[in-house]
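What follows is a set of notes on a single structure, which appears directly below.
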Amino acid sequence: MQNNKQYDPMEIESKWQKIWDEKKIYSPETAKAKKPFYNLMMFPYPSAEGLHVGNTYAFVGADIFGRFTRMQGFDVFEPIGLDGFGIHSENYALKKGEHPESLAKKTKERFYKQLHIIGNSFDWTKTLETYDIDYYRWTQWIFVRMFKEGLAYRKKAKVNWCPSCRTVLADEQVIAGNCERCSSHVSEKELDQWFFRQATGVRPNGTLYPDSLLANLDKIDWSEKVKIAQRNWIGRSEGTLIKFELIGITGQADNKHTLEVFTTRPDTLNAATFIVISPEVAKKWINIGWKTSDDIRKYIDYAINKRGEVNRDAERKKSGIFAEFFAINPLTEEKIPVWVSEYVLADYATGSIMGVPAHDEHDREFAQKFDLPILNKKPEKSLWRKIEEEGWGKLHVVYHLRDWLVSRQRYWGPPIPMIFCESCAKEAKGEREDMPGWYSVDEKDLPVKLPFVENYQPRGTGVSPLAQDAAFYKVKCPGCRKDARRETDVSDTFLDSAWYYLRYPSIGVKDHAWDPEITRKWLPVNMYIGGAEHSVLHLLYSRFLTMVFKDWGLTDFEEPFTRFYAHGLLIKEGAKISKSKGNIIVPDQYIEKYGADTLRLYLMFLGPYDAGGDFRDTGIEGVRKFLNRVWILCIKHKDFILEDEKDAKEILVKMHQTIKKVSKDIENLRYNTAISAIMEFVNLLTKKAQGKIKRAKNIRCAEWDEALKTLLLLLAPFTPHLTEEIWTEYLGEKFSIHTTPWPKFNPEFVKEEELTLIIQINGKKRGELRLDRETGNDATKVDELSKANVKVAKWLEGKAVKKTVFVAGRLINFVI
RNA sequence: GCCGGGGUGGCGGAAUGGUAGACGCACAGGACUUAAAAUCCUGUGACCCGUUUGGGUCGUGUGGGUUCGAGUCCCUCCCUCGGCACCA
């Protein structure tokens, strides 16, 4: 190869991508691998023209970790796929006016091409798309199992309804009152829906799922902020349910003369001066026979209708009305008024509270507004036990987490594999006693294929577009063989993505969702990297399902992701990147102009990976120049000879320091500082090489060769193409650099022979000494040399040294 | 309101309680070149003193504290970003 060849990323990048694919160096043999390491990143959902640079940022950061780990000698499995089923892809198809099925083919091609050119070490022999029937048959299989095990159930409930997406949403998918997908304001609707028992399910060992999900957080190596978000979302509160006798209530059914409230502060029962029930609970009472005035009825209806707005309007003062009856405080035996107010939520605990204005801010506000008594009594700890002993109430735990609503009234998802038989329902027959009329599709009849429906647009009527396809929904009842009806809702996208990591290693396996042997070898996932926005969505659903699979004996681990690292958010010149701002960055244009290696290195150099970074075009130019310098250094100066022994030593010391720093930084995903360390090393090599190029044939310089090789190895995870090109084509090393062992540092070389020792007077720097290592660690010698220092002597003149602080090898401080 | 990050040059950002500003961008000057690009070198927190070599003061959002020594630890407040939000 010529020594004056320019660095041309276009040419070398596509060349190496092709060779890596052909030689399958990134495709470990799943069955035979000796040191398996599963390096996973969150797969993208194709809801736009293509990948944006935020995806690139996430994937490149994850890939660097994977490549680094591979060079440590592990068989790294780094798969990629598409979360292509679901509302996001369907909404995109609607926007484009195209059928999701044909659009999926195009986006697949486009996304995979983009994912290819960023130069990640993906295993392209094992990709998956959630809309692939070989995948979603198993998603349906999971649903069937959930039903058989009693963890899937159907109930009529007030659910979140997105009027724009025309479907229900799970609790986790409502962000600040808005739809997670389209940001429309979410309203409420009462509908029959399928739920998974993530909040109410009991494990075979008797523990509730939310308790295990909470407890396991202490055992996994995850970004702390994600753990905190999950703890808050699960929202476990320990308290007491207290029963209150009611008096003066009219028309109420005879057995309804008590009311139960939940409190986390039963010790303040002595200061409870009123009771508040939510409008929804009041409404229920009216329905079962509570006779009350028109004013109260009017208020209840008003408050229920206003519910959505009240939540959004923090300024709004608490409204409420006296319910015209009383309760007896079991402790004080006093008669306290019962009120109805919208500040009490219907769907938390019992939907009723005891008002303790002395100790609760909301209660105080309410009491002040309506002139209710405020009793300033100290909490009594003994009440926790007394309430139980006296039989007034019992200890109770309440969770913020709800069961997972999994049905969707949309088209582009896996049909829920269930059948409903009217006739069986009437006779109270069915697969499960508690769900008359319902049957799961027999496992041998799976998959239930999603039929092609031309008019797939959501109806908004609370049923899926599949309900118009008689050929699809008309079936025979598995129980009585009479005419029955298939469920026409599809399942939530988050169900598709809650188990995909189990499928990747087993892709191609026909008779299992995941092969037991392969799964034992590769799972749980060793490293998972993705955005923190999934803290309480995908990451919680995955944990729940994995725990369920363990309980069924289908896996031998409870937690899917041993380590999870949340990367930061990329911004553009100080502003958030968003479609509305029109500052979307498409990676392709940068790859075309600078090459993937430059883009990769630049993205990782921007700032700490967990903090995100600020994308600026001027910055990428600098990185391009840096890689050009590396190219010139390695190609033009590769035959350089270090004549000066001191230079050789200096380079070796820096080299070992750099190996140490870069290794540690990558292990902790501190890529920006790893890159600056490599830059420092390059700066030193460049400086030493200036004007000293030697081209004597067959004469090599061992130190220089080693320095260049080490530089390339350290840089390989960041810029895989450039380093491979120089490694094999110019240095004549064996293919591939990416399967070459990572360099090790020698602790002897890390320490410099000479060190700079700082001399301080009263903590202020007044001078410094260049000393050899031995002298620098000798307190007496340093003391002498410091005092002899001209600059320091000036400051010490005529002053008494009261105290001397000596830090070996670093500094000496004289206190005067 | 509660829970988490974070506030450091013109900018992105470095700093196990021990030389604040690594590395990079931008800018300025220089080398090479007929020229340009590329590359390389030098300088670059603010202010003050000194004609130069140099010396000094201040400086990590605010105010206090601990310490020989604080960007780092503790307390007060301010600002900002993210999450949750009438959760009893």
Side-chain angles (χ1 to χ4, degrees), chain A residues 6-7 175-177 223-229 231-233 235 237 239 261-265 268 276 278 310-314 316 318 341-345 347-356 359-363 365-366 398-400 532-533 535-536 568-569 571 573-574 576 602 605-608 610-623 625-626 628-629 632-633 636 670 672-680 682-683 686-687 689-691 756-768 791 794 802-807 809-816:
Chain A
Q6 293 291 305
Y7 170 41
I175 313 292
S223 297
E224 203 52 41
K225 57 178 174 179
V226 174
K227 288 194 191 181
I228 290 166
R231 275 189 205 108
N232 289 343
W233 187 259
S237 293
V261 304
F262 174 73
T263 178
T264 53
R265 295 295 306 278
T268 63
V276 191
S278 63
V310 173
N311 276 337
R312 292 156 65 77
D313 188 359
R316 213 184 142 89
K318 288 178 170 59
S341 170
E342 38 80 21
Y343 92 89
V344 174
L345 300 174
D347 49 7
Y348 187 74
T350 63
S352 316
I353 62 152
M354 64 179 198
V356 188
H359 299 294
D360 183 277
E361 213 182 308
H362 303 298
D363 295 350
E365 251 178 69
F366 190 73
V398 169
Y399 301 87
H400 172 263
E533 71 272 17
S535 299
V536 293
L569 213 66
I571 57 171
E573 277 156 23
K576 228 187 220 175
Y602 175 59
F605 186 56
L606 280 176
D610 60 349
D614 193 351
F615 195 102
R616 279 160 205 267
D617 286 7
T618 49
I620 199 168
E621 295 277 359
V623 170
K625 281 180 194 166
F626 167 72
N628 210 11
R629 277 208 300 279
I632 289 168
L633 178 72
K636 281 199 180 159
R670 302 194 52 88
N672 57 331
T673 47
I675 295 165
S676 25
I678 297 172
M679 284 174 167
E680 281 185 49
V682 170
N683 287 348
T686 307
K687 203 171 177 176
Q690 270 320 296
T756 308
L757 198 128
I758 303 305
I759 309 164
Q760 292 182 337
I761 311 282
N762 287 348
K764 278 195 163 70
K765 185 194 166 189
R766 293 301 178 193
E768 58 183 55
K791 287 177 198 168
K794 194 175 73 186
K802 277 195 283 186
K803 190 178 169 186
T804 305
V805 180
F806 176 69
V807 183
R810 297 216 83 131
L811 63 79
I812 187 158
N813 187 16
F814 299 108
V815 185
I816 57 171

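Predicted model, so just to flag it, every value in this text is computed and none were measured. Letters go in sequence order (proteins before strands), and every chain restarts at 1.
- Of the side-chain N and O atoms in A:H362, one or more sit less than 4.0 angstrom from OP1 or OP2 of B:rC87.
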Inset, instruction - Can you run through RNA chain B from 5' to 3' and write each base as (, ), [, ], | or . depending on how it pairs? Watson-Crick or G-U wobble, both distances under 3.5 Å. - result: (((((((..(((.....[....))).(((((.......))))).(((((....)))))..(.(((..]....))).))))))))....
Short heteroatom pairs, N/O only, protein and nucleotides 6-11 of chain B, under 3.5 Å:
none

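- Regarding A:I571, its CD1 atom lies at a distance of 10 Å from the P atom of B:rG82, rounded to whole Å.
- On the C1' atoms, B:rU8 is 4 Å away from B:rU60, given to the nearest whole Å.
- Comparing the C1' positions of B:rG69 and B:rU16 gives an interatomic distance of 16 Å, to the nearest angstrom.
- Side-chain contact between A:Y7 and A:I632 is absent, with no heavy atoms from C-beta onward closer than 4.5 Å.
- In this structure, A:V398 reaches neither bases nor backbone, as no heavy-atom distance under 4.0 Å exists between it and the strands shown.
- Taking atom CG of residue A:L606 and atom C1' of nucleotide B:rC23, one finds them 13 Å apart after rounding to whole Å.
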Inset, instruction - Mark up nucleotides 14-20 of chain B, 5' to 3', with B wherever a protein heavy atom is under 4.0 angstrom from a base atom, S wherever such an atom reaches only the sugar-phosphate, and - elsewhere. - result: SSB-BB-
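- One interatomic measurement links the two molecules: CD of A:E361 to C1' of B:rA85, which rounds to 13 Å at whole-angstrom precision.
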Legend entry - A:D363/A:Y343 under side chain to side chain donor-acceptor pair (under 3.5 Å): CA gap, chis, key distance, verdict: CA-CA 9 Å; A:D363 295 350; A:Y343 92 89; 2.6 Å; yes
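- Residue A:K802 contributes atom NZ, which lies 10 Å from atom C1' of B:rC68 at whole-angstrom precision.
- Note: NZ (A:K227) to P (B:rG82) measures 25 Å, nearest angstrom.
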Nucleotide N/O of nucleotides 52-55 of chain B paired with protein N/O under 3.5 Å:
residue : atom : partner : partner atom : Å
B:rG55  : OP1  : A:K791  : NZ           : 3.2

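- Counting to the nearest Å, the P atom of B:rA85 and the OH atom of A:Y348 are 12 Å from each other.
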Inset, instruction - Spell out protein contact along nucleotides 42-48 of chain B as letters: B when the base is contacted, S when just the sugar-phosphate is, - when no protein heavy atom is under 4.0 Å; keep the 5' to 3' order. - result: -------
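- At least one side-chain nitrogen or oxygen of A:S237 sits closer than 4.0 Å to the OP1 or OP2 atom of B:rA88.
- Along RNA chain B, the nucleotide closest to A:V536 and the one closest to A:K225 are compared, and the more 5′ of them pairs with A:K225.
- For the C1' atom pair drawn from B:rG83 and B:rU19, the interatomic distance equals 40 Å after rounding to whole Å.
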Between protein and nucleic acid, restricted to nucleotides 24-29 of chain B and to nitrogen or oxygen atoms under 3.5 Å apart, what atom pairs and distances do you find?
residue : atom : partner : partner atom : Å
B:rG24  : OP1  : A:N683  : ND2          : 3.0
B:rC25  : O2'  : A:T618  : OG1          : 3.4

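- Annotation: B:rC27 and B:rC11 have their C1' atoms spaced 11 Å apart (nearest Å).
- When the P atom of B:rG69 is taken as reference, atom NZ of A:K764 falls 10 Å away, rounded to whole Å.
- Distance check on atom P: B:rG21 versus B:rA46 gives 14 Å, rounded to whole Å.
- Rounded to whole Å, atom C1' of B:rG1 lies 10 Å from atom CD of A:E365.
- The glycosidic torsion of B:rG24 lies more than 90° away from 0, placing the base in the anti range.
- Spacing of P atoms, B:rG9 relative to B:rG5, comes out at 22 Å, to the nearest Å.
- The residue A:D610 sits apart from the nucleic acid: no heavy atom pair falls under 4.0 Å.
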